[in-house]
Amino acid sequence: MNVLHLSAECYPVAKAGGLGDVVGALPKYQVGLGINAMVAMPYYDKKFVKEHPFDTVFRGTSKLGYRSFDFEILKETTDVLGFELYLVRIPELLDRPEIYSYPDEREQFVAFQLAILDWIIKTEKSIDVFHCHDHHTGLIPFLIQYSSNFSTLAKIPSVFTIHNGQYQGWMGWDKFHYLPGVDPSKGGLLEWNNCINPLAAAVKCCWKYTTVSPSYLQELKINSNGLEFLFELEGEKGIGILNGIDTEVWDPAKDPMLSFNYTKTTVKSGKEKNKAEICHAYGLNPDKPLFTFIGRLVLEKGAEKLAELIKEMMLRNADEFSFLLLGSGEKDIERDLKEIQTYLKNYNCYIGYDEQLSHQIYSGADFILMPSRVEPCGLNQLYALRYGTIPIVRTTGGLKDSVIDVQDEGGYGIRFENLELMEMIVAMQRAIALYQNQKKINQLRKQMMELDFSWNKSAQQYVELYKSLTLIP
Ligand code: ADP
């Protein structure tokens, strides 16, 4: 079975968050299950493409409204990722260093989708399922069914996975002419709230949509940035499949980004050494429990609460903990987190994106804090579990599906319900108290490292879904 994943991100080619991790891992595990899973993504001028060999397998010309553009499809020649990787390069549109945030982002992703479909039609490439990820590829299920240019693909099933329903790729109707061969009477399938909404269009037109955790599937009906009614209407088509993690990339026993590797039998000493190293580098006291936050500094992650929380905790529980934060995002949140650094002891932050530092922190920290408002799945808590780091999470989305409170049977984490300062303080104080019982901490670390959150089970669930749509055994 030939499954083409379409995505804006794929680790290690280009990653901004969880989407990249998933698209870098899921296809590899599917190949292991006998599926020919492939990935097509935009070309970015990044380290990976400079350091790996590519062949141009197709050259074409397409049109974005009145503007013609040339494009190339590049294929990575060594299959280093464990699956076929294709990049769409469009001079002056898809050849830039960053993944997002250009003013013509809409044009970039529409052109990407048009080029992909042109390539598949012209080369008669055999595809059994289109698996589209997030709004950047959300027009594909619509285009293959309702554009006369792509009608030969109309019967191919499409699966759409929602990694983040907050971002929907909205664009004005002035861009409708970008979509070739579309009868305007079908415009309603593209629309939500008076604009073209690629995420909504995908949910309406795909054969099945999935969310990256079962709880998030339900939560989208209550909170999805304006699409609540749509998710209620289309609820029958949705399936929640919890993300897995790539246990080859995220393996404390072999992780080349760590100075000290460890297993569940050596977790105590291994973590101690990594913690000492990182605390030394960031001027923190390694004898205290080390808390961390890793992630995008945005409201979705509850990040605007962090500066106040850390300040308040330093007043109440001074000298009882250290805190190291890694993240980037909204400027005012970054500013607040840097400002408290000027007068707080045992707190430090690295504002920026650093893959290696994140691995070092997962391994060295004792607790990871995730006060998310919305968390479709959350990968940080899964990486933390694998590295023996206790997650402290708000009970939402994938956090709810993957973290059991230590007070409950079989539990290992700390949960709190509301994004209120006092609840977060109590959660951190519970962690500090727990840390005093080192025997329990070590038992929890071992227990967490034994949990299986690998892709094995979830990759199989996707394969079952493809089979049910294609009737290919
Ligand atoms: P989201 O995709 O919403 O940002 P996820 O929890 O699904 O959140 O995935 C976040 C991924 O991005 C994890 O792999 C995490 O380690 C990584 N990450 C986030 N911020 C940073 C950062 N500043 N530096 C390094 N890695 C980061």
Side-chain angles (χ1 to χ4, degrees), residues 7-26 99-101 133-136 161-167 210-213 215-216 219-220 224-225 241-252 255 257-258 278 282 292-303 306 324-331 333-334 337-338 348-365 368-387 389 391-394 396-403 453 455 458:
S7 171
E9 300 178 32
C10 173
Y11 178 82
V13 189
K15 163 179 165 182
L19 171 64
D21 283 338
V22 171
V23 179
L26 173 61
I99 308 175
Y100 305 119
S101 303
H133 298 267
D134 274 352
H135 72 84
H136 324 97
T161 295
I162 302 167
H163 299 257
N164 193 330
Q166 299 294 307
Y167 305 100
T210 70
T211 58
V212 289
S213 70
S215 288
Y216 191 52
E219 289 170 8
L220 284 173
S224 51
N225 212 356
I241 301 178
L242 190 71
N243 277 342
I245 59 172
D246 188 332
T247 48
E248 286 174 13
V249 175
W250 297 91
D251 181 1
D255 189 336
M257 299 193 200
L258 303 187
I278 199 131
Y282 286 89
T292 188
F293 170 96
I294 299 172
R296 292 183 294 121
L297 300 174
V298 295
L299 294 185
E300 238 183 296
K301 303 283 178 194
L306 290 168
L324 177 59
L325 181 143
L326 165 64
S328 61
E330 286 172 21
K331 295 299 156 218
I333 303 180
E334 291 184 353
L337 288 164
K338 277 196 276 201
N348 208 338
C349 65
Y350 179 94
I351 301 296
Y353 189 96
D354 189 322
E355 192 73 27
Q356 176 161 14
L357 181 57
S358 78
H359 286 237
Q360 290 166 337
I361 299 179
Y362 285 116
S363 73
I368 186 163
L369 184 63
M370 297 183 71
S372 306
R373 262 194 188 78
V374 184
E375 196 58 88
C377 174
L379 292 172
N380 298 14
Q381 81 279 14
L382 304 182
Y383 298 143
L385 293 170
R386 178 112 171 113
Y387 283 63
T389 303
I392 305 175
V393 304
R394 186 174 158 252
T396 186
L399 299 173
K400 187 171 166 185
D401 294 341
S402 57
V403 178
F453 281 107
W455 268 110
S458 309

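In each ligand, atom 1 is the first atom listed, and ligand 1 is the first ligand listed.
Contact annotation: for N243 versus ligand 1, there are no heavy atoms closer than 4.0 Å. Only side-chain heavy atoms of K15 come within less than 4.0 Å of ligand 1; its backbone N, CA, C and O stay farther off. When heavy-atom distances to ligand 1 are checked against a 4.0 Å cut-off, K301 comes that close only through its side chain, counted from C-beta outward. If you look at N380 next to ligand 1, the close heavy atoms, those under 4.0 Å, come from the backbone and the side chain alike.
Distances between N or O atoms of S328 and those of ligand 1 include no value under 3.5 Å. Taking distance alone, with nitrogen or oxygen atoms compared against 3.5 Å, E375 stays at or beyond that limit from ligand 1. Some N or O of D21 is nearer than 3.5 Å to an N or O of ligand 1, by distance alone. Distances between N or O atoms of G378 and those of ligand 1 include no value under 3.5 Å. For ligand 1, none of its N or O atoms has an N or O atom of E300 under 3.5 Å away. The distance criterion of under 3.5 Å between nitrogen or oxygen atoms is not met by W250 with respect to ligand 1. Looking at I294 next to ligand 1, no N or O pair under 3.5 Å apart turns up. For ligand 1, the polar-atom distance check finds no N/O of M370 at less than 3.5 Å from any of the ligand's N/O atoms.
In this structure, Y11 has no heavy atom closer than 4.0 Å to ligand 1. In this structure, G295 counts as a contact residue of ligand 1, since one of its heavy atoms falls inside 4.0 Å of the ligand. Residue-ligand proximity: P376 is placed with every non-hydrogen atom at 4.0 Å or more from ligand 1.
The distance from ligand 1 to the heavy atoms of G327 drops below 4.0 Å at these ligand atoms: 23 (N). The ligand atoms of ligand 1 that sit less than 4.0 angstrom from a heavy atom of Y383 are 13 (C), 14 (O).
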Test side-chain contact (heavy atoms from CB on, under 4.5 Å) applied to Y11 and V249, step by step: CA-CA 10 Å; Y11 178 82; V249 175; 4.1 Å; yes
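The nearest non-hydrogen atom to atom 16 (O) of ligand 1, considering only Y350, Y353, Y362, comes from Y362.
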